[in-house]
Structures are given as C-alpha cells and as structure tokens.
> 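Let me give you the structure first, and then I'll get to my questions.
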Amino acid sequence: MQTAILKFEKLLNENVNHFSTLSNEVLETKIPGKWSKKEILGHLTDSAIHNLVRFTEINYVEKPYQHRPYNQIDLVNLNQYQIMDPDELLQLWFVLNKQIVRIMKSVDEKALDYKIVLSDESVIDLRFLMTDYVEHLEHHINQIKA
C-alpha cells in the first residue's frame with residue numbers, strides 16, 4: 001500500500017502545479033465525442049468524491065461492501081465542469097485527493113482485506129480498489145498532459 005500512496009502523492013504534487021499553468025484554451029478544447037482536459041479533471045473530481053465515500057463507508061457499513069457505480073458522463077455534464085472556473089476545479093480536485101491520501105495512510109491493515117462486491121457480482125478488496133484508484137488517476141493525468 002505504501003508504494004501506491006507514494007505514487008499518489010507524487011502524482012498530486014507534480015500535477016497540481018502543472019495543471020495551473022495550462023491556458024483556458026488548452027483546458028477547454030474539445031474534440032467531438034471526447035472530453036476536454038477540463039472535463040477529464042472534472043471526471044477525476046467525481047471519481048474522488050465517490051471513492052472518498054467508498055473508502056470511508058466500508059469501515060462502518062455491513063460487509064461485504066456493495067460498490068455503487070455512477071454515470072460518469074452524466075456527472076461531468078451535470079456538474080458543468082466545462083464552464084467551471086479552472087482554479088476552483090483544480091482546488092476541488094486537489095483537496096478531495098489530499099483527503100483520500102489521509103484516509104489511505106490511516107487505513108487499518110485488516111480493512112484492506114474487506115470484500116467489495118461490484119455490480120457484476122465479482123469481488124475485490126479495499127486494497128485493490130485503492131490501488132486501482134491511483135492507476136485510474138495516473139491514466140487520466142497522462143491524458144491531460146498529452
């Protein structure tokens with residue numbers, strides 16, 4: 001878990017400054033059928049919101065934890081990330097993820113083995129979900145930086 005946390009912190013710290021240097025034109029440019037860089041950052045914000053809830057709820061709800069999916073496209077549109085102030089969006093993304101880092105650093109070793117049932121009935125554990133979250137974040141950060 002420590003490796004994932006270190007990678008997570010590095011991704012946050014390196015990219016919060018990089019993203020703030022991108023112009024609105026770069027952030028808001030859209031290709032038909034694709035999200036803009038700003039909307040990708042919004043998607044990462046939605047992901048942070050949902051995973052923060054998952055990473056905390058799993059500690060006190062009935063086990064196994066029932067993973068609830070969310071409609072990514074609808075959320076990006078409903079939250080209007082394309083027209084949101086880019087500094088506010090960046091702050092929101094960063095602060096939510098700093099809280100997730102705190103949760104990951106303090107998670108009980110036993111909790112990492114808590115079972116999570118996905119919507120397709122497959123089963124993962126909290127360790128996988130947290131590690132996968134960092135990989136998902138890295139994937140989309142690379143899209144923004146491309």
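Throughout, residue positions are numbered sequentially from 1 according to the sequence presented. Predicted, not measured: the structure shown is a model, and the values here were computed from it. Because only heavy atoms are used, hydrogens play no part in the values below, and waters and symmetry mates are left out as well, while side chains stay in.
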> Could you list the residues that satisfy side chain to side chain contact (heavy atoms under 4.5 Å, CB included) with Ile73, not counting sequence neighbours?
Trp35, Asn71, Asn77
> Can you list the residues that meet the side chain to side chain contact (heavy atoms under 4.5 Å, CB included) rule with Gln99, with sequence neighbours excluded?
Leu52, Arg102, Ile103
> Apply side-chain contact (heavy atoms from CB on, under 4.5 Å) to residues Ser36 and Thr29 and explain how you reach the verdict.
CA-CA 6 Å; Ser36 68; Thr29 298; 6.0 Å; no
> CD1/Ile144 to CG/Leu44 distance, rounded to the nearest 0.5 angstrom?
5.5 Å
> Per the ring pair (Phe, Tyr, Trp, His ring centres under 6.0 Å) rule, what does the pair list look like for residues 5-29, sequence neighbours excluded?
Phe8-Tyr133, Phe19-Trp93
> What about Ile124 and Val134, same hydrophobic cluster or not, with Ile/Leu/Val/Met/Phe/Trp/Tyr joined at side-chain heavy-atom distances under 4.5 Å?
yes
> Which ILVMFWY residues can you reach from Val123 by hopping between side chains whose heavy atoms are under 4.5 Å apart?
Val117
> Which heavy atom in Leu11 sits nearest to a heavy atom in Leu137, and how many Å separate them?
CD1-CD2, 4.2 Å
> Begin with the C-alpha distance, continue with both residues' side-chain angles, and end with the deciding distance and a verdict on side-chain contact (heavy atoms from CB on, under 4.5 Å) for Gln66 and Leu118.
CA-CA 7 Å; Gln66 300 296 313; Leu118 302 177; over 6 Å; no
> Find the distance between CG (Leu96) and CG (Leu12) and round it off to the nearest 0.5 Å.
10.5 Å
> Output yes when Glu39 and Lys34 qualify as a salt bridge under the 4.0 Å nitrogen-oxygen rule, no when they do not.
no
> For residues Met1 and Met130, report the shortest heavy-atom separation together with the two atoms involved.
CE-CB, 3.6 Å
> If you look only at pairs with a residue in residues 110-122, which of them pass as a side chain to side chain donor-acceptor pair (under 3.5 Å), with sequence neighbours excluded?
Asp113-Arg127, Asp120-Ser122
> To the nearest 0.5 Å, what is the distance between CD1 (Ile100) and OG (Ser47)?
7.0 Å
> Under the side chain to side chain contact (heavy atoms under 4.5 Å, CB included) test, which residues partner Asn17, sequence neighbours left out?
none
> Would you call Glu135-Lys7 a salt bridge at under 4.0 Å N-O?
yes
> If two hydrophobic side chains count as joined below 4.5 Å and joins carry through other members, does Val26 share a cluster with Ile40?
yes
> For the backbone of Thr56 and the side chain of Asn59, can you confirm whether one donor and one acceptor N or O come within less than 3.5 Å of each other?
yes
> Could you give the distance from CG (Asn51) to CG (Leu129), rounded to the nearest 0.5 Å?
5.5 Å
> Any side-chain heavy atom of Thr131 sitting closer than 4.5 Å to one from Phe128?
no
> Mind checking what makes side-chain hydrogen bond (donor to acceptor under 3.5 Å, both in side chains) contact with Lys10, not counting sequence neighbours?
none
> Evaluate the criterion side-chain contact (heavy atoms from CB on, under 4.5 Å) for residue pair Asp46 and Tyr81; output intermediate values, then yes/no.
CA-CA 10 Å; Asp46 291 334; Tyr81 293 124; 2.5 Å; yes
> So Phe55 and Leu126, side-chain contact (heavy atoms from CB on, under 4.5 Å) or not? Walk me through it.
CA-CA 8 Å; Phe55 297 164; Leu126 182 58; 3.8 Å; yes
> Side chains of Lys38 and Asn24 only: does a donor on one sit below 3.5 Å from an acceptor on the other?
no
> Ile49, Leu41: one ILVMFWY side-chain cluster at the under-4.5 Å cut-off?
yes
> Please identify each residue that fulfils salt bridge (charged side-chain N to carboxylate O under 4.0 Å, His left out) with Lys98, with sequence neighbours left out.
none
> Which pairs pass salt bridge (charged side-chain N to carboxylate O under 4.0 Å, His left out) with one or both residues in residues 52-81, sequence neighbours excluded?
Glu57-Arg68
> Backbone N or O of Glu28 within a donor-acceptor pair of the Gln82 side chain at under 3.5 Å?
yes
> Kindly write out the residues that satisfy ring pair (Phe, Tyr, Trp, His ring centres under 6.0 Å) with Tyr70, not counting sequence neighbours, or none if the list is empty.
His50
> Between atom CD of Gln80 and atom CG of Leu89, what is the distance when rounded to the nearest 0.5 Å?
12.5 Å
> Please say yes or no: joined through hydrophobic side-chain contacts below 4.5 Å, possibly via intermediate residues, are Tyr60 and Val53 part of one cluster?
no
> For Glu9, check side chain to side chain contact (heavy atoms under 4.5 Å, CB included) against everything at least two apart and list the hits.
Ile5, Leu6, Asn13, Val101, Lys105
> Determine whether more than 12 heavy atoms belonging to other residues, nucleotides or ligands lie under 6.0 Å from atom CG of Leu78.
yes
> In chain order, what residues pass the ring pair (Phe, Tyr, Trp, His ring centres under 6.0 Å) check against His140, with sequence neighbours excluded?
His43, His136
> Can you measure from CG (Asn15) to CD (Glu138) and round to the nearest 0.5 angstrom?
9.5 Å
> Side-chain heavy atoms nearer than 4.5 Å, only ILVMFWY residues, links allowed to pass through others: does that put Val61 and Val107 together?
yes
